[in-house]
Amino acid sequence: MSQYFEACVVPETAAAAIAQHLRVKTPGAVALAGALDPSIGTMDTTCTAAGPCSVRLKTAFGTKKMVASAAITAGVYVYGAASGKISAVANGNVAGIAREAATADGDVIEVMPINGIVQNQVTAYAANGALALTPGTATLTKAGVNAMTLAAPTVAQEGLILTVISQTANAHTITATGLLDDGVTGGSKTTATFAAFAGAAVTLMASNLKWAVVSLKAVTIS
């Protein structure tokens, strides 16, 4: 029989002992959420063994306490991390915005949850260099050719989506040695070359420690 709760905290059954403020998931008995698992919320109080517990829902009003897996700067987006924790390492599973800093693994900090996708972040690159591995949009704005590099994503960044758009009429390049999977024979590719027109663009998704080419507009992969 279906049911619903008009409350911020709901009763659940834990699969094992779970500490307070850790991210948890279902279906079945509540368990720790992994880095990419969608969570239903955080443990409201520590559960010392398998059995009844209470969960503060992700959709509850207000901010929440969450457990950091490493140092986090106040004001940045935070994402799902292993063992029910959060980190500043970007992936496809945003948890919210840090309202205070964490200095080490295990610190409990205040987080403003985001029940949806991250607002698109736009980063402009007016000089050669490395593209940041953050979700959102990178714009290439150099008056000459932008020669950019792109590193391999980590396991924790699986699902991260990055769109790169040219805003100047130059044949910009992105070099990601052996990391571009475009679904074309020849294996993983190395270079994305933009046509010398504003509006050329490529969208990439972190997939299996490489970058899957999701879409191309006037960009050649080689």
Indicate yes or no: at least one non-hydrogen side-chain atom of [X] is less than 4.5 angstrom from one of [Y].
X	Y	value
Ser166	Phe197	no
Ile40	Val55	yes
Phe194	Val164	yes

Going by the salt bridge (charged side-chain N to carboxylate O under 4.0 Å, His left out) test, name the single residue among Lys85, Lys25, Lys58 that passes it with Asp37. Lys25
If you measure from [atom1] on [X] to [atom2] on [Y], what distance do you get to the nearest 0.5 Å?
X	Y	atom1	atom2	answer
Asn170	Leu140	CG	CG	9.5 Å
Thr134	Ile161	OG1	CD1	12.5 Å
Leu162	Ile174	CG	CD1	7.5 Å
His172	Asn128	NE2	CG	10.0 Å
Glu110	Thr63	CD	OG1	3.5 Å
Ile109	Arg99	CD1	CZ	11.5 Å

Indicate yes or no for a side-chain donor-acceptor contact from [X] to the backbone of [Y] under 3.5 Å, with no hydrogens or angles considered.
X	Y	answer
Lys64	His21	no
Glu12	Ala29	no
Arg56	Thr45	no
Thr190	Gly178	yes
Gln167	Thr141	no

Closest approach of [X] and [Y], non-hydrogen atoms and distance?
X	Y	result
Lys189	Gly186	NZ-C, 4.2 Å
Gln20	Thr46	N-OG1, 3.2 Å
Ala151	Leu133	O-CD2, 4.1 Å
Ala35	Asn93	O-ND2, 2.9 Å
Val108	Lys65	CG1-CB, 3.8 Å
Ile221	Ala192	CD1-CB, 3.7 Å

Begin from the C-alpha positions of Thr168 and Lys142 and carry the test side-chain contact (heavy atoms from CB on, under 4.5 Å) through to its verdict. CA-CA 7 Å; Thr168 61; Lys142 186 178 176 181; 5.7 Å; no
Do [X] and [Y] sit in one hydrophobic cluster, given that two such residues count as connected whenever their side-chain heavy atoms are within less than 4.5 Å of each other, even indirectly?
X	Y	value
Val67	Val30	yes
Leu150	Leu179	yes
Met112	Val94	yes
Val89	Leu160	no
Met205	Leu131	no

Partner of Ser215 under side-chain contact (heavy atoms from CB on, under 4.5 Å), picked from Thr163, Thr203, Val202, is Thr203
Could you please spell out the steps behind the side-chain contact (heavy atoms from CB on, under 4.5 Å) verdict for Ile97 and Ile114? CA-CA 7 Å; Ile97 298 172; Ile114 296 177; 3.8 Å; yes
Walk me through it: do Ile72 and Ile86 pass the test side-chain contact (heavy atoms from CB on, under 4.5 Å)? CA-CA 9 Å; Ile72 294 173; Ile86 56 170; 4.2 Å; yes
Steps toward side-chain contact (heavy atoms from CB on, under 4.5 Å) verdict (Thr173, Met148): CA-CA 6 Å; Thr173 61; Met148 309 302 297; over 6 Å; no
